[in-house]
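Shown next, in structure tokens, is the structure this report addresses.
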Amino acid sequence: MRLKLNLGLARLEKWAGSAGQAEKNALYKALFAVADGTVYNTYKVLDDVSRDGEFFVVVRDNLIVKICFREPDVFGVLYIGAPEESTETQAEIT
């Protein structure tokens with residue numbers, strides 16, 4: 001099963017514009033793991049207990065990505081950045 005990333009692409013592009021190559025490589029690898037369903041086997045994943053269908057993937061020590069499922073076979077990126085900033089930011093898909 002392959003999932004498609006189609007939500008939060010502008011957020012991903014904006015983040016990639018200022019990220020270093022190592023960070024981009026690590027994040028893209030994590031997104032591929034979400035797409036192919038291996039993310040739970042490969043990364044530390046934390047469910048957002050306050051929101052159904054949303055979870056955090058710990059990509060590196062200071063980098064997480066928040067993923068959501070809004071439609072079958074589709075996922076989106078809600079947040080990319082440091083873990084401490086995610087609690088301050090209420091990211092919505094626009």
Side-chain angles (χ1 to χ4, degrees):
M1 177 171 95
R2 279 266 201 230
L3 300 174
K4 295 179 184 179
L5 171 63
N6 79 344
L7 303 169
L9 292 172
R11 180 173 289 110
L12 179 59
E13 287 179 22
K14 181 178 178 183
W15 173 84
S18 62
Q21 191 61 50
E23 288 180 314
K24 287 190 267 190
N25 291 346
L27 182 73
Y28 297 151
K29 185 176 177 182
L31 292 176
F32 281 118
V34 173
D36 71 11
T38 62
V39 69
Y40 286 96
N41 299 333
T42 311
Y43 293 90
K44 183 175 183 179
V45 176
L46 307 167
D47 287 327
D48 186 341
V49 295
S50 64
R51 300 183 146 230
D52 279 343
E54 296 182 10
F55 60 90
F56 295 93
V57 178
V58 179
V59 179
R60 300 176 91 179
D61 287 341
N62 200 29
L63 179 62
I64 63 169
V65 60
K66 186 172 186 182
I67 302 295
C68 70
F69 292 102
R70 298 280 195 255
E71 303 171 26
D73 302 327
V74 173
F75 72 98
V77 173
L78 293 177
Y79 173 80
I80 306 167
E84 58 274 5
E85 294 171 6
S86 69
T87 57
E88 300 168 8
T89 305
Q90 287 296 328
E92 294 295 327
I93 294 177
T94 54

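Within 6.0 Å of atom CG in N41, more than 12 heavy atoms from other residues, nucleotides or ligands are found, so the atom counts as buried in its surroundings. The environment of OH in Y28 is crowded: more than 12 heavy-atom neighbours from other residues, nucleotides or ligands sit within 6.0 Å. Residue K44 places its NZ atom among 12 or fewer non-hydrogen atoms of other residues, nucleotides or ligands, all under 6.0 Å distant.
Taking all atoms of both residues into account, the shortest heavy-atom contact from L27 to V59 is N-CG1, 3.8 Å. K29 and Y43 get closest at one heavy-atom pair: CG-OH, 3.5 Å. Smallest separation of non-hydrogen atoms from A26 and R60: CB-CD, 3.7 Å. For the pair V74 and L3, the tightest heavy-atom approach, listed with the atom from each and the gap, is N-CD2, 4.3 Å. For P83 against L63, the heavy-atom pair with the smallest separation is CD-N, 4.3 Å.
Note that CZ of R11 is 10.0 Å distant from CG of L9, once rounded to the nearest 0.5 Å. Rounding to the nearest 0.5 Å gives a distance of 10.0 Å between CD1 of I67 and CG of L7.
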How far apart are the C-alpha atoms of Y79 and E54, what are their side-chain angles, what is the distance that settles it, and do they pass the side-chain contact (heavy atoms from CB on, under 4.5 Å) test? CA-CA 11 Å; Y79 173 80; E54 296 182 10; over 6 Å; no
Hey, mind stepping through V57 and L31 against side-chain contact (heavy atoms from CB on, under 4.5 Å) and telling me if it holds? CA-CA 9 Å; V57 178; L31 292 176; over 6 Å; no
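Considering only heavy atoms from C-beta on, L78 comes within 4.5 Å of R70 through its side chain. L12 is listed as a side-chain neighbour of L5, based on a closest heavy-atom distance under 4.5 Å.
Residues that satisfy the side chain to side chain donor-acceptor pair (under 3.5 Å) test with T38, not counting sequence neighbours, are D36. D47 is linked by a side-chain contact (heavy atoms from CB on, under 4.5 Å) to Y40, F55, counting only residues two or more places apart in sequence or in another chain.
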